[in-house]
Chemist: 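So that we are looking at the same thing, I have put the structure below in structure tokens.
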Amino acid sequence: RPCNSSGTPPRRCGSAVAMGMACCGPSSPCLQCCPENCVFRLMACSLQAGARCVPRNVRAIRFVCDTKVPSFMLVHRIKVEEETLATANGPLKLEWVLPEWLAFLPAEARAEARQLPRRRYRRIVLYMHGGAYVLCTPGSLRGCTAPIAHALDAALCVPEYRRPPDHSLSCAIEDGFEAYRHLLREYPDSEIVIAGESAGGGLAASMLLALRWGPLPMPSSALLMSPWSDTSGEGSEAGLMHVGSTRGSRDYMPLELVNMFARLARGDLPQHEAPASPLYAAGSLADLPPIFVLYGLDEVLWGQIEHFVARWRGQGARISELGVEGGVHAPVLFSFCHVPSRDALQELNRFFSFDPERGGAGTFSWPPAAGGEGGDVGRRQAPARAELRVGLVEAAL
């Protein structure tokens with residue numbers, strides 16, 4: 001039931017009492033004191049406590065953060081496939097995250113439909129995983145990739161790129177382009193999207209900048225979730241430029257760790273250039289594809305992200321942003337237990353339902369105007385999920 005409707009002090013639920021916090025104040029993102037919201041706050045606080053206690057050692061943190069998440073633990077059913085590319089720098093592993101939507105089929109048809117090849121997917125997302133540039137793997141961040149694959153009905157290709165401090169950030173970008181060339185070559189009929197969360201969002205932004213001058217085509221669009229786009233700064237300010245006020249106190253990322261990883265990630269690279277800090281891109285960005293930036297309003301980097309959006313938009317980039325009320329860093333990670341983060345997946349689906357062939361860049365607008373003229377210009381109605389799935393199954397069978 002609604003909390004604090006009579007103006008009385010905020011009520012504390014059992015989990016909140018244990019953590020010493022009010023979960024349902026009048027300005028709280030928890031509009032109702034329900035088990036789901038309590039789970040969200042409990043998880044965020046647990047991650048915050050763990051991050052504060054972890055040894056300040058990359059190897060020790062990787063021991064925890066690089067662990068793969070089993071598929072059975074995810075809310076959205078997915079199918080995971082692995083592929084290895086032979087590159088000049090050695091083998092590059094790719095993890096494919098495919099939405100599992102075949103449960104409604106009869107058993108005899110299900111087995112045959114599971115053989116639906118990846119090239120049948122209309123949209124393929126090249127997803128650069130996050131992890132403060134130095135942590136995590138494609139398998140450890142399935143909590144982010146699975147909901148996105150499900151929301152977009154898309155196949156996600158997640159490269160296991162080389163990470164600092166063992167390698168330069170330039171190596172991560174190089175591995176990203178190896179995967180991008182592979183997708184362009186093997187799936188010419190699919191719509192390719194470049195995406196990433198946190199540090200992966202920064203890498204994706206750097207890839208977009210590099211594509212301005214190279215021979216490869218631009219992706220159809222881009223998704224940057226909680227992009228960490230600026231590792232510049234000296235001393236205690238490294239990686240924390242433009243972060244703004246302490247509104248991110250609810251976030252699970254300690255400032256000390258952000259600062260440490262920023263210095264490790266950028267190494268000897270120039271501080272105010274990509275790939276260390278794509279925020280400071282020079283020149284016009286009008287030739288970049290439409291970009292959707294998703295972030296939490298309660299995350300540590302909220303100020304930097306909003307500065308990034310304003311700066312790039314001022315240079316001509318077509319950026320649409322969505323701040324998740326009460327959301328923390330990489331809000332989709334908590335979509336199973338936080339209602340606004342889950343609703344953001346629906347907005348994500350609406351954004352990527354835009355059809356550039358009908359309206360073109362000049363008529364692109366987001367969000368659509370409510371009842372106003374031009375609100376739906378250049379936008380097609382997304383097909384019902386059931387109709388889309390049936391169509392794919394028919395194509396497979």
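Just so it is clear, the values below take in all heavy atoms, side chains as well, and ignore hydrogens, waters and symmetry mates. Just so you know, residue 1 is the first one in the sequence shown, and it goes up from there.
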Chemist: Report the relative orientation of the aromatic rings in Tyr161 and His129; use parallel for angles under 30°, tilted for 30 to 60°, perpendicular for over 60°.
Modeler: parallel

Chemist: I'd like to know if Lys93 pairs up with Glu82 as an ion pair, taking the criterion as any Lys NZ or Arg NE/NH1/NH2 lying under 4.0 Å from an Asp or Glu carboxylate oxygen.
Modeler: no

Chemist: Which pairs would a plain distance check flag for residues 254-270, meaning a side-chain donor or acceptor within less than 3.5 Å of a matching protein atom at least two apart in sequence or in another chain?
Modeler:
{"unit_1": "Glu256", "atom_1": "OE1", "unit_2": "Arg56", "atom_2": "NH2", "d": "3.4"}
{"unit_1": "Glu256", "atom_1": "OE2", "unit_2": "Arg56", "atom_2": "NE", "d": "3.4"}
{"unit_1": "Asn259", "atom_1": "OD1", "unit_2": "Arg263", "atom_2": "NE", "d": "3.3"}
{"unit_1": "Asn259", "atom_1": "OD1", "unit_2": "Arg263", "atom_2": "NH2", "d": "2.8"}
{"unit_1": "Asn259", "atom_1": "ND2", "unit_2": "Gly235", "atom_2": "O", "d": "2.6"}
{"unit_1": "Asn259", "atom_1": "ND2", "unit_2": "Ser236", "atom_2": "O", "d": "3.2"}
{"unit_1": "Asn259", "atom_1": "ND2", "unit_2": "Ala238", "atom_2": "O", "d": "3.2"}
{"unit_1": "Arg266", "atom_1": "NH1", "unit_2": "Thr231", "atom_2": "O", "d": "2.5"}
{"unit_1": "Arg266", "atom_1": "NH1", "unit_2": "Gly233", "atom_2": "O", "d": "3.0"}
{"unit_1": "Arg266", "atom_1": "NH2", "unit_2": "Gly233", "atom_2": "O", "d": "2.9"}

Chemist: Could you check whether any side-chain heavy atom of Trp312 comes within less than 4.5 Å of a side-chain heavy atom of Val293, counting everything from C-beta outward?
Modeler: no

Chemist: Salt bridge check, Asp230 against Arg311: does any charged N sit closer than 4.0 Å to a carboxylate O?
Modeler: no

Chemist: Do Ile319 and Leu285 come within less than 4.5 Å of each other through their side chains, counting heavy atoms only?
Modeler: no

Chemist: Which heavy-atom pair separates Met207 from Phe177 by the least distance, and what is that distance?
Modeler: O-CZ, 3.6 Å

Chemist: Without hydrogens or angle criteria, can the side chains of Tyr280 and Gln271 be said to hold a donor-acceptor pair below 3.5 Å?
Modeler: no

Chemist: Checking Ser206 now: which residues fulfil side-chain contact (heavy atoms from CB on, under 4.5 Å) with it, not counting sequence neighbours?
Modeler: Ile173, Ala274, Pro275, Pro278

Chemist: Search all heavy atoms of Cys337 against all heavy atoms of Phe40 and return the closest pair with its distance.
Modeler: O-CB, 3.4 Å

Chemist: Testing the basics here: between Cys144 and Met225, what is the closest heavy-atom pair and its distance to 0.1 Å?
Modeler: SG-CE, 4.0 Å

Chemist: Can you check side chain to side chain contact (heavy atoms under 4.5 Å, CB included) on Leu203 and Tyr133, steps first, answer last?
Modeler: CA-CA 9 Å; Leu203 293 174; Tyr133 290 106; 3.9 Å; yes

Chemist: About how many Å separate OG of Ser232 and CD of Gln304, when rounded to the nearest 0.5 Å?
Modeler: 7.5 Å

Chemist: For the pair Arg123 (side chain) and Phe352 (backbone), establish whether a donor and an acceptor sit closer than 3.5 Å, ignoring hydrogens and angles.
Modeler: yes

Chemist: Closer than 3.5 angstrom, by distance alone: can the side chain of Ser226 be matched with the main-chain N or O of Ala330 as a donor-acceptor pair?
Modeler: yes

Chemist: Take His150 and Ile78 through the test side chain to side chain contact (heavy atoms under 4.5 Å, CB included) and record every step on the way to the result.
Modeler: CA-CA 8 Å; His150 185 267; Ile78 60 171; over 6 Å; no

Chemist: To check you understand the geometry: which heavy-atom pair defines the closest contact between Ser221 and Glu191, and what is its length?
Modeler: OG-OE2, 4.2 Å

Chemist: Given side chains that start at C-beta, do those of Leu47 and Phe334 come closer than 4.5 Å, heavy atoms only?
Modeler: yes

Chemist: When you measure from the side chain of Arg163 to the backbone of Thr137, do you find a donor-acceptor pair of N or O atoms at a distance under 3.5 Å?
Modeler: no

Chemist: Taking all non-hydrogen atoms of both residues into account, name the closest pair between Leu92 and Pro159 and its distance.
Modeler: CD1-CB, 4.5 Å

Chemist: Which pairs count as side-chain hydrogen bond (donor to acceptor under 3.5 Å, both in side chains) when at least one residue sits in residues 195-205, sequence neighbours excluded?
Modeler: Tyr127-Glu197, Ser198-His329

Chemist: For the residue pair His307 and Met241, establish whether any side-chain heavy-atom pair is separated by less than 4.5 Å.
Modeler: no

Chemist: Hey, what do you get for OG (Ser335) to CD (Gln346), rounding to the nearest 0.5 Å?
Modeler: 11.0 Å

Chemist: List the atom of Leu224, the atom of Gly201, and the distance in Å for their closest heavy-atom pair.
Modeler: CD2-O, 3.5 Å

Chemist: In the hydrophobic clustering (ILVMFWY, side-chain contacts below 4.5 Å, transitive), which residues join Phe63, or is it alone?
Modeler: Val64

Chemist: In the hydrophobic clustering that connects Ile, Leu, Val, Met, Phe, Trp and Tyr at side-chain heavy-atom distances below 4.5 Å, which members other than Trp213 occupy its cluster, ordered by chain and number?
Modeler: none

Chemist: Tell me, yes or no, whether the heavy-atom count around Arg59 atom CZ, taken from other residues, nucleotides or ligands under 6.0 Å, exceeds 12.
Modeler: no

Chemist: Does a side-chain heavy-atom distance below 4.5 Å link Leu126 with Pro219?
Modeler: no

Chemist: If we only count heavy atoms from C-beta on, is the Met128 to Asp175 side-chain gap below 4.5 Å?
Modeler: no

Chemist: Indicate yes or no for a side-chain donor-acceptor contact from Tyr180 to the backbone of Ile192 under 3.5 Å, with no hydrogens or angles considered.
Modeler: no

Chemist: Indicate whether the side chain of Thr87 and that of Glu178 have a donor and an acceptor atom separated by less than 3.5 Å.
Modeler: no

Chemist: Looking at side-chain heavy atoms only, is the closest gap between Leu301 and Val243 below 4.5 Å?
Modeler: yes

Chemist: Would you please name every residue forming a side-chain contact (heavy atoms from CB on, under 4.5 Å) with Asp287, sequence neighbours left out?
Modeler: Arg212

Chemist: Could you tell me if the side chain of Pro55 sits less than 4.5 Å from the side chain of Ile61, heavy atoms only?
Modeler: no

Chemist: List the steps, then state whether side chain to side chain contact (heavy atoms under 4.5 Å, CB included) holds for Val324 with Val332.
Modeler: CA-CA 10 Å; Val324 177; Val332 165; over 6 Å; no

Chemist: For Cys136, does its backbone N or O pair with a side-chain atom of Asp66 as donor and acceptor, under 3.5 Å?
Modeler: yes

